[in-house]
Amino acid sequence: MVVCCCLGRTATWVSYQLKIHAQKYMRSPLIPEMATQEVQLNETLAHLKSESESLKSKLEEERAKLHDVELHQVAEKVEGLGQFVMKTRRTLKGHGNKVLCMDWCKDKRRIVSSSQDGKVIVWDAFTTNKEHAVTMPCTWVMACAYAPSGCAVACGGLDNKCSVYPLSLDKNENLAAKKKSVAMHTNYLSACSFTNSDMQILTSSGDGTCALWDVESGQLLQSFHGHAADVLCLDLAPSETGNTFVSGGCDKKANVWDMRSGQCIQSFETHESDINSVRYYPSGDAFASGSDDATCRLYDLRADREVAIYSKESIIFGVSSVDFSLSGRLLFGGYNDYTINVWDVLKGTRVSILFGHENRVSTLRVSPDGTAFSTGSWDHTLRIWA
Amino acid sequence: MKQRAEGKYERYVNEALEPSRVVRQENEPCRFINRKKNSHIFVLLQSSPIAPLTLSPRYLFVPFQMEEVIARMQEEKNGIPIRTVKSFLTKIPSVFSGSDIVQWMTKNLDIEDPVEALHLGTLMAAHGYFFPISDHVLTLKDDGTFYRFQTPYFWPSNCWEPENTDYAVYLCKRTMQNKARLELADYEAESLARLQRAFARKWEFIFMQAEAQAKVDKKRDKIERKILDSQERAFWDVHRPVPGCVNTTEVDIKKSSRMKDPHKTRKVRLMSRLMAKTSREKGKSLTNNALFSPESSLIGYTEQYLEYDPCLTPPDPSNPWISDDTTLWELEASKEPGQQRVKRWAFGIDEVLKDPVGREQFLKFLESEFSSENLRFWLAVQEVKKRPIREVPTRVQEIWQEFLAPGAPSAINVDSKSYDKTTQNVKDPGRYAFEDAQEHIYKLMKSDSYSRFIRSSAYQELLQAKKKVNASPFSKLLLYSKFVFLFQIKIKGLVLTASLCILCFTEK
């Protein structure tokens, strides 16, 4: 839509210029065809532009018809949450530069984290021991993921690739030797995630596309086009039968995709700035997004609209990362003002603010069993909160 | 040339001093604050003048938010009172105290906790919107420490990227001002020495620049000079922070790469996007069902899972991260499911399929009814989707032979439409060859087999099973040995405990 409007504007400018030039050309009998062709092109563009505008307004109309009550109104009868106390239980030190991304292993205690200096470290967060370390050939490793089996990690960033490293039990073995390059994009890799198996990886990139890859062969299984700018984040639907994922980008849009067909099945554009993080609600019927406009928003997939906004006048820094607690009652947001805000999803109020990091919180994930959540920050450390 | 340099520097000084109070205009549509965009400062003789970069406002969200707050702070009526403080022999112009800021924020920004106000204030100081007049470290203290507003010229939204040569000129100029209070701090002296080595060949020009600027400064009014000096120092405290302090000018590379090329458009296939949108419009069945309330389903889900959420209900026996005891994880990994876990399987078929123990129990139950082929088919298809693409064709054939081919050993019942489609798909096997059949089988299991499983005696038994006290062998030993000691059977007791030891370990 944004591209359409841009095109529309350039179209009007182009048409104006062409009119002037067309008048010149019309006088000379040599190139009359070109002039008419240009005029036709302008008409098509203008027609497309008006059609897209009318479609957009019709969509908003239909959505408004179904809108009855706000989530927090319905949630008034729900019991309030009691005193909320969460503290840092573990601090993981070892990265030499900003921590950019992290992911939990399915065993609920191991994590993989990546940083700006190219290092990817696998920790046993419970004991705070480092188990593996890999140095990537590029800096700014912005994405990392743990395989469901716990036997491999994937990471990537400014090298435009996603590489998979199998983790061996032998600590002395050089992991970099077994590296496998899976994904190839034309711009930085912003996020990656394994699907339910070790054999497929879903990636999103600064080139505006997402893609599904077969790990073993490196083959592209499906690509997803539709974002008009960099795609910054993605999340897979949690259900066993689900075949969808949601992505958020710098075009302020959050798109829901069907993995089988590659089509965008739903799209939401209510944020005022880049969407840095998207995460599904545990039931898979909704998802939350965090953006540079300092708000988190909840979108319901069945109602096809935004149902809640989590914001406060005193919060003016963007959200870098969001995640839900196991029941979906709490939404944790990592912010660029070095804090973590905990929101009551149903009532829309802030339950707690957590201090501790000394620089931006760049990544936040809740553990697979919900007992703790981990944050990574530009202050070179990771913290486990419970 | 010197005169020209002086003239330009003078103009910058005038401009920098001018709008220290921002006048908010009514009905201002965009967030830009009106000021000259292309004025230069620090004209270097041989290099291009540094100037603030002009950027599209989309990438400057946070600075604009902060600037709005600053603008409100500077308002005549409801802002922070700025005053000139008379101290021994000197006047300190244009200052306000730290506690003034905290009080204002608590009142005007909907902040209840003073800790939060302090944190936000420190961040605004660290970004350079106001600064302590007698400290290089940019933090906010809730006391009588004096602070001053930064001139809008130096605000981060102007996207300054000052070079090391500019810093060198600044430090050099500082050394020329022989006042005790303007002496270089240790880290500044170190930086100056480093820059002198780096720019050894250019140093003459740098020195000339510094001299020219110092000369202009001397002509200034004393009060103005004080203010300007402090603002310039604060500017450098942001861009060349004290070692150990956070550098707030660091940008996320994902955003900065776009800042350099904000008008980069993507070649999106316009027609296809429009087509997709129109088809979605037509295809979407507008469920105008007034009874359907998506909000209530979200509420229902959270209420159902409240007792399973460790953040809200402390887990039994304890949260490993808090108590350093991994019993919870060991219990979950064991083959015997706890009562709470079994209860969860009744929430929906997905819960049973997600939990490996649940799957096992479900399969066992179906095998007892001789109807396990549906579940086995569903599990096999899920497995295929997880295999590498190379193995898919063979696996698809195997599944076809096992479950769907005429005369298959574990024949499943699929409707004719799905069967035809699947027959077609198998000829050109992909990961989604059995999609339709799988969906049909899933619906069948959900409505039929699953509800029977939940009502079955096997499931009910698991649900009623009392929780076993899973004591470790050591504690059991302790119990028995205590018992023995009480009855003072020494040798016999020893023999007894030894045999019980063996019993314990074999039991385990």
Side-chain angles (χ1 to χ4, degrees), chain A residues 3-4 6-7 48 52 55 62 71 74-75 78 89 108 140 190 196-197 199 206 208 214 216-217 219 226 228-230 232 239-241 260 263-264 273 283 285-286 292-294 300 302-303 307 312-314 316-318 325-330 337 346 353 355 358-359 370-372 384 386, chain B residues 58 61-62 65-66 69 109-111 115-116 119-120 123 246 253-255 257-258 265-266 268-270 273-274 276-278 281 286 288 293-299 301-303 305-306 308-312 315 319-322 326 328-329 332 350 353-354 386-390 432 435 442:
Chain A
V3 175
C4 202
C6 279
L7 260 163
L48 280 173
S52 76
L55 278 173
E62 296 296 341
L71 178 60
V74 183
V78 180
R89 305 289 172 176
K108 308 155 202 167
W140 288 90
S190 53
N196 285 333
S197 89
M199 292 298 139
D214 179 58
E216 202 198 33
S217 59
Q219 191 188 339
D230 306 16
L232 293 179
S239 105
E240 290 296 298
T241 52
R260 189 181 167 191
Q263 292 298 318
C264 171
S273 185
S283 70
D285 292 330
D292 273 343
D293 64 5
D300 190 301
R302 287 186 288 182
V307 292
K312 223 168 179 276
E313 209 181 340
S314 56
I316 56 179
F317 283 81
S325 70
L326 194 119
S327 64
R329 183 66 192 270
L330 299 171
D337 65 358
L346 301 179
I353 178 168
F355 297 96
E358 290 160 19
N359 205 329
T371 46
I384 313 284
Chain B
R58 257 177 69 197
F61 224 88
V62 176
Q65 303 270 56
M66 280 198 277
V69 177
L109 283 181
D110 181 28
I111 298 177
V115 175
E116 225 189 298
H119 181 83
L120 181 61
L123 272 172
V246 174
I253 205 167
K254 294 182 273 198
K255 318 279 170 166
S257 63
R258 285 162 60 231
T265 46
R266 313 233 169 250
V268 180
R269 278 168 265 133
L270 180 65
R273 280 180 66 213
L274 271 178
K277 197 149 195 195
T278 42
E281 273 283 296
L286 299 164
N288 219 337
S293 174
E295 292 89 355
S296 54
S297 79
L298 293 176
I299 296 172
Y301 186 90
T302 54
E303 292 196 321
Y305 284 86
L306 191 75
Y308 295 93
D309 190 343
C311 296
L312 300 169
N319 188 328
W321 298 99
I322 301 177
T326 58
L328 179 74
W329 291 334
E332 277 180 22
D350 276 351
L353 295 173
K354 225 180 355 182
K386 294 180 187 179
R387 300 311 305 159
I389 200 92
R390 173 181 50 92
Y432 295 103
E435 199 68 6
Y442 178 80

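Every chain is numbered from 1 and lettered A, B, ... according to where its sequence line falls, protein lines coming before strand lines.
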Legend entry - Contacting region of A:Thr371 [heavy-atom separation from chain B under 4.5 Å]: both

Legend entry - Interchain contact, B:Asp110 with chain A, by part (heavy-atom threshold 4.5 Å): both

Legend entry - Any side-chain heavy-atom pair of A:Glu216 and B:Ile389 under 4.5 Å: no

Legend entry - Value rounded to 0.5 Å, distance of CG in A:Asp292 from CD in B:Gln65: 10.5 Å

Legend entry - Gap between atom CD1 of A:Ile353 and atom NE2 of B:His119 - 0.5 Å precision: 6.5 Å

Legend entry - Contacting moiety of B:Glu116, where chain A heavy atoms sit under 4.5 Å: both

Inset, instruction - To the nearest 0.5 angstrom, please state how far the CG atom of B:Leu298 sits from the CG atom of A:Asp300. - result: 5.0 Å

Inset, instruction - Calculate, to the nearest 0.5 Å, the distance between atoms CG and CD1 belonging to A:Leu71 and B:Ile299 respectively. - result: 6.0 Å

Legend entry - Closest non-hydrogen atom pair, A:Phe317 against B:Leu123: CE1-CD1, 3.9 Å

Inset, instruction - May I ask you to test the B:Pro320-A:Lys108 pair for a side-chain heavy-atom distance under 4.5 Å? - result: no

Inset, instruction - List for me each residue that meets salt bridge (charged side-chain N to carboxylate O under 4.0 Å, His left out) alongside A:Glu313, sequence neighbours excluded, and say none if there are none. - result: B:Arg72

Inset, instruction - Would you give the length of the straight line joining atom CH2 of B:Trp321 to atom CZ of A:Arg89, rounded to the nearest 0.5 angstrom? - result: 11.5 Å

Legend entry - Any B:Leu120 side-chain heavy atom under 4.5 Å of A:Asp337 side chain: no

Inset, instruction - Quick one: closest heavy-atom pair of B:Cys311 and A:Ser325, and the distance? - result: SG-CB, 4.2 Å

Inset, instruction - State, yes or no, whether a side-chain contact exists between B:Lys254 and A:Leu232 at a heavy-atom distance under 4.5 Å. - result: yes

Inset, instruction - Could you look at A:Ile316 and say if it's the side chain, the backbone, both or neither that has a heavy atom under 4.5 Å from chain B? - result: both

Legend entry - Side chain / backbone / both / neither for B:Tyr442 at chain A, heavy atoms under 4.5 Å: side chain

Legend entry - Where A:Arg260 and B:Glu435 come nearest, the two heavy atoms and their spacing: NH1-CG, 3.2 Å

Legend entry - B:Asp309 CG to A:Arg329 CZ distance, which is reported to the nearest 0.5 Å: 10.0 Å

Legend entry - Contact class of A:Asp214 relative to chain B, heavy atoms under 4.5 angstrom: side chain

